[in-house]
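For reference, the structure discussed in these notes is given below.
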There are 2 protein chains.
Amino acid sequence: MGHSQAEKRQTHERIVNVAAKRFRERGIEGISIADIMKEVGATVGGFYRHFDSRDDLVAEAVAVAFEDMDTWKNKTRKNLRSGIKTYLSAAHRNELTTSCVFSSLSTDIHRSNSQTRELFTERLRGDLELLESMIRPELDSNRRPKAMVLYSSLIGALELARATSDEKLARQILSGVTDELVELFCPADE
Amino acid sequence: MGHSQAEKRQTHERIVNVAAKRFRERGIEGISIADIMKEVGATVGGFYRHFDSRDDLVAEAVAVAFEDMDTWKNKTRKNLRSGIKTYLSAAHRNELTTSCVFSSLSTDIHRSNSQTRELFTERLRGDLELLESMIRPELDSNRRPKAMVLYSSLIGALELARATSDEKLARQILSGVTDELVELFCPADE
DNA sequence: ATTATCTATAGATCTATAGATAATGC
DNA sequence: ATTATCTATAGATCTATAGATAATGC
């Protein structure tokens, strides 16, 4: 007991990081503050010196969770085909704790407060803009709806592949959708 | 108090129907048995003469919730274009209580028990088969992955349109994805 | 007599707070 | 003196059960 301000900042960060993982894994209501604090290596009592309420943690944790997608966005910016393959990879399907917020928390966010929904919307806009700029840049004039189809497919396919209990079907969805999306939206020479 | 067996059957059915609605609206953990029973017009105490556990209700309610999609499947069987339009309509976006289970409970089901996940998988297979049979039946040889893209897009687009706090963006997603999917997967003369 | 439902409650769990403890930092 | 965290707990809520009540159905 008795810790420095620097340590407090570290604790705060660890709480948010653990929450960002576990929320995606178990859903926003799927883990208690006590369990999050236990994983951090602390106790419930300290939590409320870091956050006014559970909702405040949710907002911060979702923001941090979205940042995990920045690596993916950079990869996609360089090469759309590899962005699609990464998004629909077995690794992304299995690694819930670091996965895309849209795929792991879509329904939770739909039921969430307006602050969280607005953050979601802002991120969605950014992702759509990126995809729009990557779709056959020189060929198609009306790329926005195509970017929407592409993004919807990525998210929907990943969710279906996760929810099904049939491992083989899951793999077929991931590989089938990957191939189709690459064919539809990636210039042939890329 | 003191009711007939026929009344019990009705009560059972009402419990399942209320649960099928509220689970889709608020998530599977989003409503308590007490609140479900209150909406049914009964009390908690009676619940366990109908179900061994909460999980049993979840399994039955999800099964019933899936049946709401049978109307949509019949419509789609007749005309793919009108199936797409109905799925991505504002009405389907707004009416959570009767909406497609894949769109309203995908992450909940992913975290659910194997019985529920297997029911989900069975339904998914059926829906994919239907869509496969409807995609340009005479034109394309490899329709299965295309059906997967179509279904993923439908589910993903509906979820994004629900989760965003920007009403205008939501409408753009629904109409944009509808137009693209119709163009991609519906024979021109339909 | 049996049973469908009710009232009441046990036991678990969760959010949030109160007060104690042991360091930090002026 | 201030503060970051701890222990302990209040108050709310949720699942599940026990026992009472008032009908049904042999």
Side-chain angles (χ1 to χ4, degrees), chain A residues 1-62 105 108-109 111-113 115-116, chain B residues 1-62 105 108-109 111-113 115-116:
Chain A
M1 271 183 250
H3 301 68
S4 67
Q5 290 170 25
E7 280 176 304
K8 187 182 184 184
R9 257 174 271 126
Q10 281 180 10
T11 303
H12 187 100
E13 202 179 332
R14 285 220 305 283
I15 296 171
V16 175
N17 287 337
V18 168
K21 279 186 181 182
R22 298 297 160 230
F23 286 163
R24 276 176 283 184
E25 184 179 52
R26 307 183 199 176
I28 288 179
E29 308 293 332
I31 184 163
S32 70
I33 290 168
D35 283 345
I36 290 170
M37 293 304 277
K38 190 182 279 179
E39 188 173 339
V40 165
T43 58
V44 218
F47 178 83
Y48 290 91
R49 298 299 180 105
H50 289 278
F51 305 92
D52 282 347
S53 69
R54 191 185 203 282
D55 267 359
D56 277 21
L57 171 62
V58 171
E60 270 196 55
V62 170
L105 294 178
D108 279 322
I109 284 175
R111 297 175 200 121
S112 209
N113 59 35
Q115 188 189 356
T116 306
Chain B
M1 274 181 252
H3 302 67
S4 67
Q5 291 171 25
E7 279 175 303
K8 186 181 185 184
R9 257 174 272 124
Q10 281 180 10
T11 302
H12 186 101
E13 201 178 333
R14 283 220 306 283
I15 296 171
V16 175
N17 286 338
V18 167
K21 280 187 181 182
R22 299 296 161 232
F23 286 163
R24 275 176 284 183
E25 184 178 52
R26 306 182 198 177
I28 288 177
E29 308 293 333
I31 184 163
S32 70
I33 290 169
D35 283 344
I36 290 170
M37 293 303 277
K38 190 182 280 181
E39 188 173 338
V40 165
T43 58
V44 218
F47 179 83
Y48 291 90
R49 298 300 180 103
H50 289 278
F51 305 92
D52 282 347
S53 69
R54 191 185 201 283
D55 267 359
D56 278 20
L57 171 62
V58 171
E60 272 197 54
V62 170
L105 294 177
D108 279 321
I109 284 173
R111 298 176 200 119
S112 209
N113 59 36
Q115 188 190 355
T116 306

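In this structure, NZ of B:Lys38 is placed 10 Å from P of D:dT13, rounded to the nearest angstrom. Note: CG (B:Leu57) to C1' (D:dC14) measures 14 Å, nearest angstrom. A straight line from CE of B:Met37 to P of C:dT5 spans 7 Å, rounded to a whole angstrom. Atom CD in A:Glu7 sits about 7 Å away from atom P in D:dT5, given to the nearest Å. Rounding to whole angstrom units, NE2 of residue B:His3 and P of D:dT21 are separated by 16 Å. For A:Ile36 and C:dA16, the CD1 to C1' distance is 15 Å, given to the nearest whole Å. A straight line from CD of B:Gln5 to P of D:dA23 spans 17 Å, rounded to a whole angstrom.
C:dC14 and D:dG11 make up a base pair, with Watson-Crick or G-U wobble contacts both under 3.5 Å. C:dT3 is paired with D:dA22 under the criterion used here, namely a Watson-Crick or G-U wobble arrangement in which both key atom distances are under 3.5 Å.
In this structure, B:Asp55 and B:Ala6 both approach DNA chain D, and ranking their closest nucleotides by distance from the 5' end singles out B:Asp55.
Contacts of residues 44-51 of chain A with DNA chain C (heavy atom under 4.0 Å): A:Gly45, A:Tyr48. Contacts with DNA chain D (heavy atom under 4.0 Å) in residues 8-25 of chain B: none are found. Listed in residue order, the members of residues 27-34 of chain A having a heavy atom less than 4.0 Å from DNA chain D come to none.
Separation of atoms OG1 (A:Thr116) and CG (A:Asp108) is listed at 10.5 Å; rounding is to 0.5 Å. Note that CD1 of A:Ile36 is 7.0 Å distant from CZ of A:Phe47, once rounded to the nearest 0.5 Å. For the atom pair A:Ile109 CD1 and A:Ile28 CD1, the distance stands at 5.5 Å (nearest 0.5 Å). Note that the CD atom of A:Glu13 and the CZ atom of A:Arg9 stand 10.0 Å from one another [nearest 0.5 Å]. To the nearest 0.5 Å, the span separating NZ on A:Lys8 from NE2 on A:His50 amounts to 5.5 Å. Taken from CG in A:Leu57 to NE2 in A:His12, the straight-line distance is 8.0 Å, to the nearest 0.5 Å.
Contact check for A:Lys21 versus A:Asn17: no side-chain heavy atoms found under the 4.5 Å cut-off.
For B:Gln115, the CD atom counts as loosely surrounded, since its 6.0 Å shell holds 12 or fewer non-hydrogen atoms of other residues, nucleotides or ligands.
Residues A:Ala61 and A:Ala20 come closest through the heavy atom pair O-CB, 3.5 Å. When all heavy atoms of A:Ile15 and A:Val40 are compared, the closest pair comes out as CA-CG2, 3.6 Å. The nearest pair of heavy atoms linking A:Arg111 to B:Phe23 is NH2-O, 4.4 Å.
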